[in-house]
*Asks:* 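Can you read through this structure? Questions will come right after.
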Amino acid sequence: MERNCLECGTKLQGRVDKKFCDDGCRNNHNNRLNRETTNAIRNTNNSLKRNWRILNSLNPKQKSKTTRGKLLELGFNFNLYTRIYTTKAGAVYYFVYDQGYLPLENDYFALVKRE
């Protein structure tokens, strides 16, 4: 029974359970199958990194304050964060990795860095 590479279609030789002619075809095949999922993850990670860079640039001394307008101007996405921390007093901090922000009154935000 003749077997062909699942990616390029060339005739396979060797093991009976072989599916690809080489590592390149195997990688191309699997990358193509996972492209949609991988792209969604890559885009989310890139947005999280952008949020982290923005918070990090506005918070050089571990604690600072900024406005919603400044964050939006720099491209901050308020829908993406890595965790939420609620204090005993009920204040809700949103974190992007180790950089966090606390919504305050009048569209101000307290920025913090958690170690």
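All heavy atoms count here, side chains included; hydrogens, waters and symmetry mates do not.
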*Asks:* Taking the six-membered ring of F95 as reference, does the cationic atom of R83 (NZ for Lys, CZ for Arg) lie under 6.0 Å from its centre and within 45° of its axis?
*Replies:*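 Because its charged atom sits under 6.0 Å from the ring centre and within 45° of the axis, R83 does stack over F95.
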
*Asks:* Sort and list the pairs that fulfil side chain to side chain donor-acceptor pair (under 3.5 Å) and have at least one residue in residues 86-102, not counting sequence neighbours.
*Replies:*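 Those involving residues 86-102 are W52-D98, N56-Q99, N59-Q99.
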
*Asks:* Give a yes-or-no answer on whether the side chains of R35 and T38 include a donor-acceptor pair shorter than 3.5 Å.
*Replies:*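 No, no side-chain donor-acceptor contact under 3.5 Å.
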
*Asks:* Within 45° of the six-membered ring axis of Y108 and under 6.0 Å from that ring's centre, is NZ or CZ of K65 located there?
*Replies:* yes

*Asks:* What's the spacing between L12 CG and F20 CZ if we round to 0.5 Å?
*Replies:* 9.5 Å

*Asks:* Identify the two heavy atoms, one from A91 and one from L102, that lie closest to each other, and give their separation to 0.1 Å.
*Replies:*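 Answer, listing the atom of A91 first, then L102: CB-CD1, 4.0 Å.
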
*Asks:* Would the distance check show the side chain of N51 and the main-chain N or O of L80 forming a donor-acceptor pair, the cut-off being under 3.5 Å?
*Replies:*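 Yes, because the side chain of N51 sits within donor-acceptor range (under 3.5 Å) of the backbone of L80.
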
*Asks:* Taking all heavy atoms of C21 and all of C5, pick out the closest pair and write down the distance.
*Replies:*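 Minimum heavy-atom separation between C21 and C5: N-SG, 3.5 Å.
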
*Asks:* Atom CD1 of I54 and atom CG of L74: how far apart are they, to the nearest 0.5 Å?
*Replies:* 5.5 Å

*Asks:* Could you tell me whether R32 and E7 have a side-chain N and a carboxylate O separated by less than 4.0 Å?
*Replies:*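 Counted as a salt bridge, because a side-chain N and a carboxylate O are separated by less than 4.0 Å.
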
*Asks:* Which heavy atom of V96 sits nearest to which heavy atom of L48, and what is that distance?
*Replies:*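 Answer, listing the atom of V96 first, then L48: CG1-O, 3.4 Å.
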
*Asks:* Using the test salt bridge (charged side-chain N to carboxylate O under 4.0 Å, His left out), find all partners of R68 that sit at least two apart in sequence or belong to another chain.
*Replies:*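 Salt bridge (charged side-chain N to carboxylate O under 4.0 Å, His left out) check on R68 returns D107.
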
*Asks:* Any chance you could measure L6, atom CG, to K18, atom NZ, to the nearest 0.5 Å?
*Replies:* 12.0 Å

*Asks:* Do R42 and N39 have a side chain donor and acceptor closer than 3.5 Å?
*Replies:* yes

*Asks:* Identify the heavy atoms of P60 and S57 that sit nearest to each other, and give their distance.
*Replies:* CD-O, 4.0 Å

*Asks:* So, applying side chain to side chain donor-acceptor pair (under 3.5 Å) with R26, which one of N30, N28, D23 is it?
*Replies:*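 Among N30, N28, D23, the one meeting side chain to side chain donor-acceptor pair (under 3.5 Å) with R26 is D23.
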
*Asks:* Measure the spacing between CZ of R3 and CD of Q13 and express it to the nearest 0.5 Å.
*Replies:* 9.0 Å

*Asks:* Judged by atom type as modelled, is there a donor-acceptor pair below 3.5 Å linking the side chain of S64 to the main-chain atoms of L58?
*Replies:* yes

*Asks:* Is it the case that atom NZ in K49 sees more than 12 heavy atoms from other parts of the structure closer than 6.0 Å?
*Replies:* no

